[in-house]
Amino acid sequence: MSRRASAVASKSLKEASDSEDVERDDSDEFEDSNDDDNEPIANLKGKKKASPAKSAQSKEEVTTDDEDDAPIAASKKRPSSAASNGSTSGAPASKKIAKSEKKNDLEPEEDDDSDDDEPIAKKAKKKEAVKKEPIKKEVIKKESAGTKRKAESDDAPSKKKKAAVKASPKKVKKEDGEEGEGDEDDEEEYEWWVNGLQDGGEKWKTMSHNGPVFPPAYVPHGIKMKYNGVPIALEPDSEEVATFFAGVVGTDYEKNKTFVANFFKDFLTVLSREKKPSPIKEFAKCDFSPIVDYLNELKEQRKSKTKEEKAAIKKEKEELDEKYGWAIFDGRKEKVGNFRIEPPGLFRGRGDHPKTGTLKLRVQPEQVTINIGKEAPIPPAPAGHKWGAVVHDNTVAWLATWKENVNDNIKYVLMAATSSLKGQSDMKKFEKARELKKHIDKIRRDYTEGLKDKVMATRQLCTALYFIDRLALRAGNEKGEDEADTVGCCSLRFEHVTLEPPNKVIFDFLGKDSIRYYNEVAVDEQVFKNIKIFKREPKKEGDMLFDRLNTSILNKDLTRHMPGLSAKVFRTFNASYTFQKELLDTPADGTAAEKVLAYNRANRQVAILCNHQRAVSKGHGAQMEKIQDRFRGMKYERGLIKKAMLEVDPKLKKKRPELAEDESDVDEEFIERHLAAQEEKEKQARVKALEKENEKRKAEGQPPLKSLDTKKKNVTPLESLSIEKLEKKLDDMTKRIENLKLQMIDKDENKTTALGTSKINYIDPRISVAWALKHDVDLDKIFNRSLREKFKWAIMSVKDGVSVFSIFLDLRVLTTWVKDWEF
DNA sequence: CTTAAAACTTAGAAGCGCCCCT
DNA sequence: AGGGGCGCTTCTAAGTTTTAAG
C-alpha cells in the first residue's frame, strides 16, 4: 500500500505544485536567496515578521494522498512508530529475521560448491572464452557460496569507448627536469587533468597488481587466563580471542555491556570447539589480567627496541609496501590504498552499536575475489590456499573484495587517494558541485514554492531539501535493527526536532558515527509551519518526521534539476562555497602566520557547518593553561626588555612612548607566580645538573659533590646591553609573542572541531591553491605532503593557469577558474 | 516498481614517529 | 638527550549512491 503513496511522491515537484491551487502569498518567498546571490546560507537568520493575516487554515490543510494514508514505510522498526497511523499495513520486517538467524554463525563461510567442485574462477574463464559480446559484467550466483562475479572487459570496444580512448589524456614529461634519472618510478607523470575528465565507464585497459596481504597467522603465547582464580590453558583459537579482549581492557569497551556480551558469546562458541569441554561459563569469573600483563610487556619491549631492530622492522615493512603497495594501470605504476586484508579482532562498532564486541573472523583467501587484468599474471594465493574467484572487471575500482562476517559488509581493496583513479573521481565530485551552482537558484525557488504544496509528500520533500541546502545535513538513509540508531535528514524522527515559537527549530540527534548534531535554527515561517504539521497528532516519539520521504525519492527528484545531482552534492557545494566566502577575511597585508590563521578559520567554519567533531583531548585544559602562562611569561620578559631600553637610552621615552606602557595580562600576582615557577625550574635544573655531575664523578671514581658551585650563570643584565641588541631582543620577543598568540587562538578554537575531514573531502582544493597564490603563502603551510600529492591535479591546474596568464595579468585574475565559486 | 547488493566516499580514533622544547 | 605533544598515517566503520535482483 505504500506503493501509491510513493507514486505520488515521486511525481515531479513541478507537476505537483502546478496542480494545486492553494492561495499564494508572495511574501512567503525564499527571501534569503537574493536572486543574484545564490550562495548557500549556512547561518540561518531569523525570518522576517510572520504574516499574521495568513489564514492558518488554508495554509496548513495539506492533503495526504487520497484515501491511502500510509506513510511510505508504513511498518516501522523503531518501537511505537508502527501504530502511528490507523491504516498502516502491519507485517514488520519478517524478511529480516531469516537473515539475522543465519547470523552469528562463527564458522567461516564455507564455499561448499556441493555438487560442483570446479572453482568459479575456472568456470568463469571458460565462459569468457565463449563470450564475445561486450557485457559489462555478469554475476554467477551460487546457491550457498554467495555471489561470485565474473566480468569481462570488452574485447572489441564499442564506438563510444573508442572515442574515449582517442581522447585519452596525453602523457607528459614531468616538468621538474630530473629526466630519466635513476628512479624509474616517476620519469613520467600521468597528467590526466590536462585533457579534462574522461567518461566514467571504463577504468583501465590493462591492470595488474600483486594481490592483498594477509595478516600473519596467530602465534600462541601460552599465557593462561584465569577462571574463578584458576589458570586455564587455552587452545590457540580461544587464546587468540581471549587476547583480543585483553587488548581492550582499560578502555571504554571493557565497560560496554553490549561489547562484553557479544564478545563473551563468541568466546564461548570458540571455546566449545576445544577438544575438552571448557570450564569457562561466566564472564564475571574471567580474569584476563595475565594476558593483559603480557601485552603490556610486549609493548614495553617494542618501545625499547634498538635502532637496528627498528630499522630492520621498518625495512621489512618497506619491502612489503614496495611489493604490494602498487598496481599497474595501463602501464602506469600507481599506489594502492588498503592492500592489507583486515585482521581478525573484536568489532569496534561506534556509538550504541548492537554488534559491538562481536568476533570478526580471520579472512581466508577462499573468501577473497581478485580483480585484475585478463592478461596479467594472477597473484598467487597464500601457500595451500586458492582465491575464491578471479575476475577481470574494468568497470569497477577494486582490486580485491571479501565479505566481512559481523555485518555482512563487503570490503574492498581500493587505490590510494593519490592515484589517478581517485584523483579523477575527486575532481568530478567538485566539478559536479560547481555545476550545482548554476542550478541552485532554480532549485531554491522550486523547493520554496513546494513548501506550500498541498501534497504532503511534496511538502516533506521540499522541507527536507531546505534543511539539506541550508544546514548541509546528510541524506539520511534508513538503518536496520542491528546497526546503531543514527539518523540524517530523511530519517529524522519526531523526537529529533523541536519547535520553539515563533520560528526556531532545534535539531538534536545522533548522526554518522553517533556524533551529536545540535543546532538551533531560525527558519522560514513556512518551514516552521510544516514541521508543526509533520509532527501533528497522532505522531509521537519514534515516528518518522518525513513519513513520506526517503533518500531515493529525494535523490530521484533532484536529478530532475541536474543530472547526477544527489543530496551529498549540496554538502560539497555548501562547504566549498562557505570556505571561499570565509577566505575573503584573509588580511591581504598580514603576515604569513596571520594569513594561515585566516585560512584555518575558514576551514573551521566549514568543519562547523559539516559538524565534524572530535573528542577534546584529555589534556586540553591543562595544555591551554600552560601555553597561557608561557605567553604571559613572554610578555613579562618583554616588559623587562622595554624597561632596560628606557634605562639605557632615556631619550627613547619621548620618541617611543609605547615602551613605557605596561604589558597587558601581566599583573603582580602573575609575576610572583612566574618568578616562583622560574625559580623552581632553575632549582630543578641545578639538582639535575648535580646528579649528572655526580654520576660522572662516580664513574671517574671521585667522591660526589654536595652541591654544584653556585657558579651563578653569568646572566648579562639587560641594562648592560647595547640599545641595538635590546632592540633586536624586543623584536624577537614580540614576534614570538605574536606567534604564540595566534597558536593559542587556533588551538582553543580547534579543541572540538576536526578540520581534516572537510579539508580532505569537502573543500575544492583549487580554492586553496588559488588562495595560496594570491596571498603568496607557501602551499605546504596549508597542505601537508599527502594532501599535496592527493591534490596534485588541483595544484597543477591552477598553477598552469598562472604560468600562462600571469605574464599579462594581475595575479588576481589567475583565480579565473575559481569564478564559479565566485571569489 | 521495491529491496538488496555492490561500490565507493566520508569519518573519527588509534597508533606512530618525529621534532621541538626544554 | 629525553619525553611529550602533535601532525600524520593507518585503519576500518559508517555513511551515500548506484546497480542488480526479485
Side-chain angles (χ1 to χ4, degrees), chain A residues 2-4 6-7 10 72-73 93 95-96 99 136-139 141 146-147 149 200 247 251-252 299 302-303 310 314 337-343 345 347-351 353 355-356 360 369 371 393 395-398 401 403-404 406-412 414-417 421-422 425-426 429 474-480 483-484 486-488 490-491 511-515 550-552 554-556 558-559 564-569 571-572 610-615 617 619-620 622-623 626-627 630 681 684-685 688 692 747 750 754-758 760-762 784-787:
Chain A
S2 52
R3 267 183 122 174
R4 199 162 331 142
S6 53
S10 60
I72 303 165
K95 220 166 289 167
K96 288 217 159 116
K99 195 177 159 194
K136 207 171 85 181
K137 53 187 145 181
E138 173 188 330
V139 175
K141 180 125 193 190
T147 61
R149 329 173 51 250
T251 69
D252 287 348
K299 212 180 263 170
R302 227 176 305 137
K303 248 193 273 177
K310 279 186 180 161
K314 197 172 170 191
N338 55 327
F339 58 82
R340 267 171 244 271
I341 299 275
E342 294 174 14
F347 172 68
R348 286 147 122 98
R350 300 182 184 187
H353 198 299
K355 292 204 175 185
T356 192
K360 191 163 96 165
T369 298
N371 186 29
D393 185 349
T395 66
V396 293
W398 51 268
T401 182
K403 193 182 230 178
E404 150 268 358
V406 177
N407 296 297
D408 265 3
N409 285 332
I410 305 170
K411 303 282 188 152
Y412 300 92
L414 296 166
M415 298 303 289
L421 202 67
K422 292 284 194 173
S425 43
D426 213 26
K429 172 182 74 187
R474 295 189 184 85
N477 284 302
E478 309 249 348
K479 297 191 70 186
E483 297 173 277
T486 62
V487 299
C490 294
S491 49
K512 182 176 179 181
D513 292 305
S514 294
I515 298 290
N550 62 35
T551 54
S552 61
L554 176 70
N555 281 337
K556 188 160 179 195
L558 287 175
T559 54
L565 185 60
S566 65
K568 84 194 263 282
V569 181
R571 238 166 111 82
T572 313
C610 296
N611 200 38
H612 292 143
Q613 299 194 5
R614 60 175 190 174
S617 71
H620 179 83
Q623 280 168 30
K626 243 166 93 184
I627 300 183
R630 194 142 60 91
K681 233 188 209 157
Q684 295 215 342
K688 239 182 167 174
K692 226 170 122 196
K747 188 184 176 87
N750 258 341
L755 303 193
T757 305
S758 49
I760 293 169
N761 299 302
Y762 286 104
N784 66 30
R785 210 163 76 98
S786 5
L787 247 26

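Note on naming: letters A, B, ... go to the chains in the order of the sequence lines (proteins, then strands), and numbering restarts at 1 for each one.
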Report task. Map A:A397 and A:Y762 onto DNA chain B by nearest heavy atom, then report which one ends up closer to the 5' terminus. Result -> A:A397
Report task. Using the closest heavy atom to pick a nucleotide of DNA chain C for each, name whichever of A:K568 or A:N409 lands nearer the 5' end. Result -> A:N409
Query - Residue A:A475, side-chain heavy atoms: nucleotide from B:dG12, C:dT17, C:dA13 that is nearest - result: C:dT17
Requested in this report: Kindly point out which of C:dA14, B:dT9, B:dA11 is positioned nearest to the side chain of A:K429?
Outcome: B:dT9
Requested in this report: Respond yes when some side-chain nitrogen or oxygen of A:Y412 is under 4.0 Å from OP1 or OP2 of B:dC8, and no when none is.
Outcome: no
Query raised in the report: Base, sugar-phosphate, or nothing for A:I760, non-hydrogen atoms under 4.0 angstrom?
Result: nothing
Requested in this report: May I ask you to say what A:K512 touches in the nucleic acid, namely base, sugar-phosphate or nothing, with a heavy-atom cut-off under 4.0 Å?
Outcome: base
Query raised in the report: A:A615 side chain: which of C:dA14, C:dG15, B:dA13 is closest?
Result: B:dA13
**Report entry** Nearest-0.5 Å distance, CZ of residue A:R348 to OG1 of residue A:T251
**Finding:** 6.0 Å
Report task. Compare all side-chain heavy atoms of A:L554 with those of A:C490 and state whether any distance is below 4.5 angstrom. Result -> yes
Query raised in the report: Is the distance from OP1 or OP2 of B:dA11 to the nearest side-chain N or O of A:R571 less than 4.0 Å?
Result: yes
Report summary line: note: A:I515, atom CD1; C:dG15, atom C1'; distance rounded to Å ~ 13 Å
Query raised in the report: Nearest-Å distance, NZ (A:K299) to P (B:dA14)?
Result: 12 Å
Report summary line: note: A:N477, atom CG; C:dA14, atom P; distance rounded to Å ~ 15 Å
Requested in this report: Please tell me which of the listed nucleotides, C:dT17, C:dA14, B:dA7, lies nearest to the side chain of A:F347?
Outcome: C:dA14
Query raised in the report: Counting only side-chain N and O atoms of A:S425, is one of them less than 4.0 Å from OP1 or OP2 of B:dC8?
Result: no
Query raised in the report: Which of these nucleotides, C:dT16, B:dC18, C:dA14, is closest to any side-chain atom of A:D513?
Result: C:dA14
Query raised in the report: Do the side-chain N or O atoms of A:K479 get closer than 4.0 angstrom to the phosphate oxygens (OP1, OP2) of C:dG15?
Result: yes
Query raised in the report: So what does A:K360 hit on the nucleic acid, given a heavy-atom distance under 4.0 Å: a base, only sugar-phosphate, or nothing?
Result: sugar-phosphate
Query raised in the report: Just checking A:R474: base, sugar-phosphate only, or nothing, at a heavy-atom cut-off of under 4.0 Å?
Result: sugar-phosphate
Query - 5′-ward residue of the pair A:L787/A:I341 relative to DNA chain C - result: A:L787
**Report entry** Minimum-distance pair of heavy atoms, taken over all atoms of A:K403 and A:D408
**Finding:** CE-O, 3.5 Å
Query raised in the report: Counting just side-chain N and O atoms, does A:T757 come under 4.0 Å of either OP1 or OP2 of B:dA11?
Result: no
Query raised in the report: How is A:G349 classified with respect to the nucleic acid when contacts are heavy atoms under 4.0 Å: base, sugar-phosphate, or nothing?
Result: sugar-phosphate
Query - Residue mapping more 5' on DNA chain B - nearest nucleotide basis, A:S552 or A:S758 - result: A:S552
Query raised in the report: Within less than 4.0 Å of OP1 or OP2 of C:dA14, is there a side-chain N or O belonging to A:S514?
Result: no
Query raised in the report: Which whole-number value in Å describes the distance from A:W398 CH2 to B:dA5 C1'?
Result: 13 Å
**Report entry** Rounded interatomic separation in angstrom, taking CG from A:L554 and C1' from C:dT17
**Finding:** 12 Å
Report task. Look at the rings of A:Y412 and A:W398 and say which category their plane angle falls in: under 30° parallel, 30 to 60° tilted, over 60° perpendicular. Result -> tilted
Query raised in the report: Heavy atoms under 4.0 Å, any strand shown: does A:G488 hit a base, just sugar-phosphate, or nothing?
Result: nothing
Query raised in the report: What nucleic acid atoms does A:R348 come within less than 4.0 Å of, heavy atoms only: base, sugar-phosphate, or nothing?
Result: sugar-phosphate
Query - Test item: A:H612 and A:L755 side chains (from C-beta on) under 4.5 Å apart, heavy atoms - result: no
Query - Atom pair distance, as rounded to whole Å: NZ in A:K411 and C1' in C:dC11 - result: 9 Å
Report task. Could you tell me whether the phosphate oxygens of B:dT9, OP1 or OP2, come under 4.0 Å of any side-chain nitrogen or oxygen in A:N761? Result -> no
**Report entry** Candidates B:dA7, B:dT9, B:dG12 - which lies nearest the side chain of A:H612
**Finding:** B:dG12
Query raised in the report: Whole-Å distance between C:dG15 P and A:N407 CG?
Result: 11 Å
Requested in this report: Kindly point out which of B:dT9, B:dA6, C:dC11 is positioned nearest to the side chain of A:R340?
Outcome: C:dC11
Query raised in the report: Taking the side chain of A:L414 as heavy atoms from C-beta outward, which of C:dA13, B:dC8, C:dC8 is closest to it?
Result: B:dC8
Requested in this report: Would you kindly give the CD1-to-P distance between A:I410 and C:dT18, to the nearest whole Å?
Outcome: 17 Å
Report task. Over all heavy atoms of both residues, which pair between A:T401 and A:I410 is shortest? Give the atoms and the distance, please. Result -> OG1-CG2, 3.1 Å
Query raised in the report: Heavy-atom distance under 4.5 Å between the side chains of A:H353 and A:N407, does that happen here?
Result: yes
Query raised in the report: Can you check whether A:K512 reaches A:R474 side chain to side chain, under 4.5 Å on heavy atoms?
Result: yes
Query - Among C:dT12, C:dT9, C:dT17, the one nearest A:N555 by side-chain distance - result: C:dT17
